[in-house]
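Structure record follows, encoded as structure tokens.
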There are 2 protein chains.
Amino acid sequence: MTVSITDVAEATGVSASTVSRALRGRSGVSEEMRARIVAAAAELGYTASRSASSLASGRTYTIGVVVPYVGRWFFGTVLDAAEKVFSAAGYDVLLYNLGSPEARKRFFTKLPIRKRVDAVLSLLIPDPEEAAALCSLGVPLATTVGGARPGFTVVGIDDRGGAESAVRHLVNLGHRRIGMISGASEPLHWTTPLDRRQGYLDVLADAGIELDPALEADGGYTVEGGEQAMTELLALRHPPTAVFAQSDEMAMGALRALRRHRLRVPEDVSVVGFDDHELSEVVGLTTVAQPVAAQGREAARLLLAQLDEPDAGAPQPVEMPIRFILRETTAPPHSGRQP
Amino acid sequence: MTVSITDVAEATGVSASTVSRALRGRSGVSEEMRARIVAAAAELGYTASRSASSLASGRTYTIGVVVPYVGRWFFGTVLDAAEKVFSAAGYDVLLYNLGSPEARKRFFTKLPIRKRVDAVLSLLIPDPEEAAALCSLGVPLATTVGGARPGFTVVGIDDRGGAESAVRHLVNLGHRRIGMISGASEPLHWTTPLDRRQGYLDVLADAGIELDPALEADGGYTVEGGEQAMTELLALRHPPTAVFAQSDEMAMGALRALRRHRLRVPEDVSVVGFDDHELSEVVGLTTVAQPVAAQGREAARLLLAQLDEPDAGAPQPVEMPIRFILRETTAPPHSGRQP
DNA sequence: AATCTGAACGCAAACGCTTGCGCAACCAGG
DNA sequence: CCTGGTTGCGCAAGCGTTTGCGTTCAGATT
């Protein structure tokens, strides 16, 4: 019922080998014969079985992409961009969505990806054990988040520097009580929260502002978490006059909390985010933009390059540019009370 | 270098057949032997080659998911939910992101998915030709968007009814000039824009409001498009006092346009959206909620059910519940000018 | 004691493709 | 005319599983 390579071979009156070579553009087939074979294949609606061809050749023409949450804007956007590069190059992408600890554990113990992919792009930061499992696959590895990992091609941004510019902006406006809505590194093992936090600490220290641990609240990198965190900060005896949210999503949660408290932004409280979420412009959020789709594209390209040139070793880490974007959620402290 | 089934067979002192049966839980293997084999497999870090096993068995244990834009919230969320169901059932998911016309064309002509998947979940609406191509794969098909298609299991919502309740809400508030920010059906061939538009028309007719074609603007289902469309509407001689945006993303674009025009929402203009985007609550958008993730889960489940019971024919279409959500972007017309 | 019956396992043939090698046929150079 | 080198194609051996069928053997049945 399903048409195989021998069907088109018989239809053309040649051997299966010749059909295989003709269809994949290999040499050793006359142009005339190739044309006849291509025509016959099209006629019969023939598509080579990937299972069979990858079994025989050892190449799968498939890239594994593992992400923590496809649904979140950042990961979805990276995935979107990377997939386009892969599919344009003739690769399929196998998606692994490892949001829950169970899914994650299942993936790394059973490693269903083994022997199924030619490379993997990981948008989550594996812990050392998981990283070892990935390395054992023996295929090129890349990532777009968190810090450098041995064995991984990494494309990322200067999280620390970005956080610095966000916080410095607040300091420059005259803020002295600056809160931070952060996220734990733990469930995902990524270094982003740590780097961004360091940027915050650096600027405060540099500005001679004493650190108040109470001004740091965990927002879990979600909107709801950001709202919760902002609410906590507002409940302090001396609430901050400005907050740096480590992600735009948390910043939006913070904006919501502020609205609920009938506080005006930026007159009463300034908010600055990080990432330049697609909707940040809509809400006028001041933030630090990172080229999200471009990172996905670049990581995909580097992976493909490694597949083309297996000998050329792993590429150097690439750092994409970031950009501070001033919008409408930041102003000098208590600007609303000034005449 | 890579460990195969014969390696674990030799390690255990049995044949490859027995290893295969043992590892997949088939009968014909004593419990003691099975335990030994499982232990040896774990010891050696053996994972069956999917290529080989699907070549031999004809099953791929892979589901194809085709989406127009992974990066967009709606599709990302559906995909996220569906992937979880698939992977929990032991299936991998092969992702095809068909945003550009070229990618789409490439996909449907070459049909790389053929012989690679056991079922397909399509989040885009194929045109008749494309639908035929998918049907020719001979595997169960499902979709979560647009209308019914022969051969597809569909899970969706009552788009028309949802639009009706959104617009009726505006009418009930006293609005008479109600704009609509819509989207073309064309590039994606989906019926959602048509259905939602019909709901709008129905309510206006029912309320005895004369239709003004100028009040309908195309927003392309994007934030920028929504902003553009709202700007167009505001440029009319008689701008609307309220607008129904066919998606929350377009509604957010509209909100942005209104802010730029220094118009207050809802005092000057009311806005109602559709979908209940994850950030709609943040901006206080009145909207019609649909269970996005639940639709993805349900579609995935129905697909798996068909794989388990191939004889049981295609399931009936399922319609998921929607819910009108009143927030803060709607009010009676000119409510700001009242004392 | 001879026969029958399962259970437990091995054999070997697929599955559909790729690829190294061999073998004609052909052409140019000596 | 004979070499040596191309070019174009077929042969057949894999690639790592699955699975129908055959074999062995212990225990139950007559």
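Hydrogens, waters and symmetry mates play no part in the numbers below; they use all other heavy atoms, side chains included. Below, chains carry the letters A, B, ... as their sequence lines are ordered, and counting in each starts from 1.
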Shortest non-hydrogen contact from [X] to [Y]?
{"X": "A/Tyr221", "Y": "A/Pro193", "result": "OH-CA, 3.9 Å"}
{"X": "A/Thr143", "Y": "A/Ile125", "result": "OG1-CD1, 4.1 Å"}
{"X": "A/Val3", "Y": "A/Tyr46", "result": "O-CD1, 3.4 Å"}

Exercise for the section: Take atom CD of A/Glu319 as the centre, draw a 6.0 Å sphere, and report whether it contains more than 12 heavy atoms from other residues, nucleotides or ligands. Expected result: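 Count over threshold, so yes.
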
Practice task
May I ask you to list the residues of residues 28-38 of chain B, by number, that have any heavy atom positioned under 4.0 Å from an atom of DNA chain C?
Solution key: B/Gly28, B/Val29, B/Ser30, B/Met33

Just how far, in rounded Å, is [atom2] of [N] from [atom1] of [X]?
{"X": "A/Ile5", "N": "C/dC15", "atom1": "CD1", "atom2": "P", "answer": "15 Å"}
{"X": "B/Arg114", "N": "C/dG16", "atom1": "CZ", "atom2": "C1'", "answer": "15 Å"}
{"X": "B/Leu55", "N": "C/dC17", "atom1": "CG", "atom2": "P", "answer": "9 Å"}
{"X": "A/Arg26", "N": "C/dT18", "atom1": "CZ", "atom2": "C1'", "answer": "9 Å"}
{"X": "A/Arg50", "N": "C/dT18", "atom1": "CZ", "atom2": "P", "answer": "10 Å"}

So what does [X] hit on the nucleic acid, given a heavy-atom distance under 4.0 Å: a base, only sugar-phosphate, or nothing?
{"X": "B/Arg21", "result": "base"}
{"X": "B/Ser49", "result": "sugar-phosphate"}
{"X": "A/Ser4", "result": "sugar-phosphate"}

Handout entry: Minimum-distance nucleotide to A/Arg24 side chain [options: C/dT19, C/dG10, C/dC17]
Key = C/dT19

Problem - B/Glu102/B/Lys105 salt bridge by N-O under 4.0 Å criterion - result: no

Handout entry: Nucleotides bounding contact with chain B, strand DNA chain D, heavy-atom threshold 4.0 Å
Key =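 Using the under 4.0 Å cut-off, the span is D/dG16 to D/dG20.
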
Exercise for the section: Find out whether the Lys NZ or Arg CZ of A/Arg72 is both under 6.0 angstrom from the six-membered ring centre of A/Tyr69 and within 45° of the ring's axis. Expected result: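 A/Arg72 over A/Tyr69 ring: yes.
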
Handout entry: C/dC17 phosphate, OP1 or OP2, under 4.0 Å from A/Ser53 side-chain N/O
Key = no

Practice task
Give a yes/no on whether any side-chain N or O of B/Thr18 is located under 4.0 angstrom from OP1 or OP2 of C/dG10.
Solution key: yes

Handout entry: Under the side-chain hydrogen bond (donor to acceptor under 3.5 Å, both in side chains) test, residues paired with B/Glu32 that sit two or more places apart
Key = none

Fill in the blank from the handout: With sequence neighbours left out, the residues meeting side-chain hydrogen bond (donor to acceptor under 3.5 Å, both in side chains) with B/Thr18 are B/Ser15

Problem - Between the first and last five pairs of the helix from C/dA1-D/dT30 to C/dG30-D/dC1, the angle of the axes, rounded to 10 degrees - result: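 The end axes of the helix from C/dA1-D/dT30 to C/dG30-D/dC1 are about 50° apart, to the nearest 10°.
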
Return a table of donor-acceptor pairs under 3.5 angstrom between the side chains of residues 90-99 of chain B and protein atoms on other chains or two or more places apart.
| unit_1 | atom_1 | unit_2 | atom_2 | d |
| --- | --- | --- | --- | --- |
| B/Tyr91 | OH | B/Arg59 | NH2 | 2.7 |
| B/Asp92 | OD1 | A/Tyr96 | OH | 3.2 |
| B/Asp92 | OD2 | A/Tyr96 | OH | 3.1 |
| B/Asp92 | OD2 | A/Arg116 | NH1 | 2.4 |
| B/Tyr96 | OH | A/Asp92 | OD1 | 3.2 |
| B/Tyr96 | OH | A/Asp92 | OD2 | 3.1 |
| B/Asn97 | OD1 | B/Val70 | N | 3.1 |
| B/Asn97 | ND2 | A/Asp80 | O | 3.3 |
| B/Asn97 | ND2 | A/Asp80 | OD1 | 3.1 |

Handout entry: Distance-only donor-acceptor check, side chains A/Ser51 and B/Ser54, under 3.5 Å
Key =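 Yes, because at least one side-chain N or O of A/Ser51 sits under 3.5 Å from a partner of the opposite role on B/Ser54.
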
Exercise for the section: Please check if the side chain of A/Glu130 supplies one atom and the backbone of A/Asp127 the other of a donor-acceptor pair under 3.5 Å. Expected result: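 Yes; judged by distance alone, with no hydrogens or angles, the pair exists.
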
